[in-house]
Amino acid sequence: MLIVISPAKRLDWSDRTTATTEPDFCDDANRLAKTARNLTLRDLKGLMGLSDDLARLNRDRFRAFAETPDPEITRPAALAFAGDTYMGLDAASLGAAEMGWAQDHLRILSGLYGLLRPCDAIQPYRLEMGSRLKTRRGGTLYAYWRDQLSRALNAQAEALGTGVLVNCASQEYFGAVAPKALKLRVITPQFMEDKDGTPKIVSFFAKRARGAMARFIIDHRLTDPEAITDFDSGGYRYVPEMSEPDRPVFLRPAGV
């Protein structure tokens, strides 16, 4: 199986010793960084709803973005992102064998880099997939990436000998994967909290659970899509009566 997750806004640029690989869409990342570099502070604020300080930070990041970066300024993608999903994934605790398996089976969707493997070297950036960044391909990043990501996922799944994609990404990011071009069975787990008998999705917990599901698949090196229903991290349990085909529901008591 292939697994996809979203990136995070928050970054962790701690020193890392993990060997890195080169992202597949470096040329696109360089092209998009050049486009973003020409934006004013006001443009950046409006593009991603940033404060003045964050707009300055990201303007400086795009200005410093290098076509051929010094390895000292890059970090492995799965270790560089530090949001809720990555708390669930906890990539820093993966052993070498598990990280190697993840390198083959886990992908991170990115507004700037398109598609990343866990060890792909990235530079610090923030560019959300939902951003209405105008390029020659259109007025949004969805228009920019079109079906490139779907074709890449198809090819990578074929190389692994699988026809299954487990979608642990947000709607914002998975929306960049063109459904008509994607030739894979897509399984999208749903994570819910049960408060007084009323199941609901709580974004913070759902994001962390999506990372934990990716970690569960990596730890157990799952190849059978039905085996994901054994997921029980964080107190979740599979609820077949609430589930639909390819949308398994996992529920836990609120406050766990």
Side-chain angles (χ1 to χ4, degrees), residues 2-9 11 18-39 47-48 58 61-71 73-81 83 85-86 89 91 99 102-160 162 165 167-170 172-184 186 214:
L2 271 180
I3 317 139
V4 291
I5 59 176
S6 303
K9 297 174 184 177
L11 302 176
T18 303
T20 58
T21 48
E22 182 175 303
D24 289 336
F25 293 102
C26 278
D27 289 345
D28 293 280
N30 289 329
R31 191 175 299 120
L32 289 169
K34 285 181 180 178
T35 299
R37 186 181 301 149
N38 292 325
L39 298 177
L47 187 70
M48 293 183 282
N58 285 284
R61 285 172 171 173
F62 283 124
R63 286 179 175 178
F65 198 90
E67 289 193 11
T68 307
D70 186 316
I73 68 170
T74 66
R75 294 292 185 273
L79 300 173
F81 294 121
T85 296
Y86 293 85
L89 178 64
M99 184 63 87
Q103 180 77 353
D104 290 335
H105 294 82
L106 178 65
R107 297 294 178 265
I108 303 167
L109 297 167
S110 165
L112 182 66
Y113 286 96
L115 202 60
L116 292 163
R117 294 168 294 178
C119 295
D120 281 352
I122 65 169
Q123 299 177 62
Y125 81 96
R126 178 168 169 177
L127 187 61
E128 294 153 32
M129 188 66 83
S131 300
R132 303 186 74 82
L133 182 69
K134 294 182 180 178
T135 70
R136 284 179 290 181
R137 297 182 186 177
T140 67
L141 288 175
Y142 297 124
Y144 180 86
W145 289 111
R146 294 178 182 168
D147 60 353
Q148 287 188 88
L149 305 186
S150 296
R151 292 199 306 267
L153 289 168
N154 289 336
Q156 292 169 21
E158 183 178 5
L160 287 173
T162 184
L165 177 69
N167 171 27
C168 291
S170 66
E172 174 188 353
Y173 279 87
F174 200 68
V177 179
K180 291 184 179 179
L182 190 65
K183 300 176 182 178
L184 306 174
V186 178

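For the numbers below, each heavy atom of this structure counts, side chains included, while hydrogens, waters and symmetry mates do not. All residue numbers refer to positions in the sequence shown, counting from 1. Given the structure is predicted, the values throughout are model-derived calculations rather than measurements.
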Are any of the side-chain nitrogens in D28 or R137 under 4.0 Å away from the carboxylate oxygens of its partner? yes
Specify whether F81 and Y86 have parallel, tilted or perpendicular ring planes, treating 30° as the upper limit for parallel and 60° as the lower limit for perpendicular. tilted
Atom of R146, atom of A178 and distance for their closest heavy-atom approach: O-CB, 3.9 Å
Specify the closest pair of heavy atoms between A64 and Q123, including all atoms of both residues, with the distance to one decimal. O-OE1, 4.1 Å
Between the side chains of R151 and N154, does any donor sit under 3.5 Å from an acceptor? no
Of all heavy-atom pairs linking N30 and A66, the shortest is OD1-O, 3.8 Å
Can you see which heavy atom on M129 is nearest to which on L149, and at what distance? CE-CD1, 4.3 Å
Between T140 and L133, is a side chain to side chain contact (heavy atoms under 4.5 Å, CB included) present by the stated rule, with each step listed? CA-CA 5 Å; T140 67; L133 182 69; over 6 Å; no
Show the numbers, then the answer: is there a side chain to side chain contact (heavy atoms under 4.5 Å, CB included) between D120 and Q103? CA-CA 9 Å; D120 281 352; Q103 180 77 353; 4.2 Å; yes
Below 30° counts as parallel, above 60° as perpendicular, anything between as tilted: where do the rings of Y113 and Y125 land? perpendicular
I108 CD1 to I5 CD1 distance, which is reported to the nearest 0.5 Å: 4.5 Å
Do the side chains of K34 and E67 get close enough for a salt bridge, i.e. N-O under 4.0 angstrom? yes
For the CD1 atom of I122 and the SG atom of C26, what is their distance to the nearest 0.5 Å? 11.5 Å
Smallest separation among heavy atoms of A19 and C119, with atom names: O-CB, 3.7 Å
K9 NZ to N58 CG distance, which is reported to the nearest 0.5 Å: 11.0 Å
May I ask you to check if R37 and F62 form a cation-pi contact, with NZ or CZ under 6.0 angstrom from the six-membered ring centre and within 45° of the axis? no
Side-chain touch L127/L47, heavy atoms, less than 4.5 angstrom: yes
Counting N and O atoms only, with roles assigned by atom type, does the side chain of Y142 sit under 3.5 Å from a partner on the main chain of E172, one being a donor and the other an acceptor? yes
Assess whether side chain to side chain contact (heavy atoms under 4.5 Å, CB included) is satisfied between F65 and L32, documenting all intermediate values. CA-CA 10 Å; F65 198 90; L32 289 169; over 6 Å; no
Would you find a donor on one side and an acceptor on the other, under 3.5 Å apart, between the side chain of W145 and the backbone of G114? no
Check whether any side-chain heavy atom of T85 lies under 4.5 Å from a side-chain heavy atom of S6, and answer yes or no. no
Here the gap from L165 atom CG to I3 atom CD1, rounded to the nearest 0.5 Å, amounts to 9.0 Å
What's the verdict on side chain to side chain contact (heavy atoms under 4.5 Å, CB included) for R107 and D24, showing C-alpha distance, side-chain angles and the deciding distance? CA-CA 11 Å; R107 297 294 178 265; D24 289 336; 6.0 Å; no
To the nearest 0.5 Å, atom CG of L109 lies from atom CG of L115 at 6.0 Å
To the nearest 0.5 Å, what is the distance between CD on E22 and OG1 on T68? 8.5 Å
If you look at every heavy atom in M48 and E128, which pair is closest and at what distance? SD-N, 3.6 Å
